[in-house]
Amino acid sequence: FPVTIPAYIFRNNRSGYLGVSWHKAAKKWRADIMINRERIWLGLFDLPEKAFDAYQKAYLKAHGPETHAKMMERQRKRCEELGLKLKEYK
């Protein structure tokens, strides 16, 4: 399957990060990633930044540095719009 990079983060995304959403029952941020049409659970986190860190590591491992750089550029723009912190793994 070809690798697809989300062109944007949906407007209803409350975390501001790709692959990060609020887990209502656990009252924590959850991270997951789609790889080859399979959703992989990355865990629950106290902060959305930590959940996105887990997402980045999984994305880099699955898709490689070139695709990761493209995804991070899109994420960086979105974080600037929302005033969020962004930590990048290389």
Side-chain angles (χ1 to χ4, degrees):
F1 295 100
V3 174
T4 57
I5 304 167
Y8 56 88
I9 298 173
F10 292 106
R11 292 188 186 275
N12 65 349
N13 180 318
R14 293 175 191 231
S15 72
Y17 297 105
L18 291 170
V20 178
S21 59
W22 181 249
H23 191 288
K24 197 173 187 178
K27 296 183 181 176
K28 292 189 176 203
W29 295 97
R30 65 180 259 175
D32 54 32
I33 189 169
M34 292 288 288
I35 298 175
N36 294 331
R37 298 183 183 188
E38 181 181 341
R39 184 171 304 278
I40 298 171
W41 173 268
L42 302 174
L44 294 170
F45 304 87
D46 292 325
L47 299 171
E49 292 85 359
K50 289 185 178 182
F52 185 63
D53 287 347
Y55 176 86
Q56 281 191 82
K57 288 178 184 176
Y59 193 100
L60 182 59
K61 184 177 180 181
H63 301 299
E66 187 176 310
T67 305
H68 179 259
K70 292 177 185 176
M71 180 274 294
M72 287 305 298
E73 183 57 35
R74 291 189 175 123
Q75 182 65 49
R76 191 174 291 105
K77 289 178 184 175
R78 180 65 173 155
C79 284
E80 286 175 7
E81 292 172 8
L82 298 174
L84 297 171
K85 298 176 193 173
L86 184 61
K87 181 178 177 183
E88 186 170 346
Y89 290 92
K90 296 182 180 185

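If you read the sequence from its start, that first residue is 1, and numbering goes on from there.
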Exercise for the section: Take Glu49 and Trp29, measure what side-chain contact (heavy atoms from CB on, under 4.5 Å) needs, and give me the verdict at the end. Expected result: CA-CA 9 Å; Glu49 292 85 359; Trp29 295 97; over 6 Å; no
Identify each donor-acceptor pair in which a side-chain atom of residues 20-27 lies under 3.5 Å from a protein atom, sequence neighbours left out, and give them as a table.
residue : atom : partner : partner atom : Å
His23   : ND1  : Ala26   : N            : 3.0

Problem - Closest heavy-atom pair and its distance - Met34, His63 - result: O-NE2, 4.4 Å
Handout entry: Ala31 versus Ala51, closest heavy-atom pair with distance
Key = CB-O, 3.4 Å
Practice task
Indicate, with yes or no, if Tyr55 and Phe45 share a hydrophobic cluster defined by side-chain heavy-atom contacts under 4.5 Å among Ile, Leu, Val, Met, Phe, Trp and Tyr.
Solution key: no
Exercise for the section: Measure the shortest side-chain to side-chain distance between Glu38 and Ile35 over non-hydrogen atoms and say whether it is less than 4.5 angstrom. Expected result: no
Exercise for the section: Would you indicate whether the side-chain heavy atoms of Ile40 and Asp32 approach each other to under 4.5 Å? Expected result: no
Problem - Lys28: partners by salt bridge (Lys or Arg N to Asp or Glu O under 4.0 Å), with sequence neighbours left out - result: Asp46
Fill in the blank from the handout: Between the OH atom in Tyr17 and the CD atom in Gln56, the distance rounded to the nearest 0.5 Å is 9.5 Å
Problem - Co-members of Leu44 in a cluster of I, L, V, M, F, W and Y side chains, linked at under 4.5 Å - result: Trp41
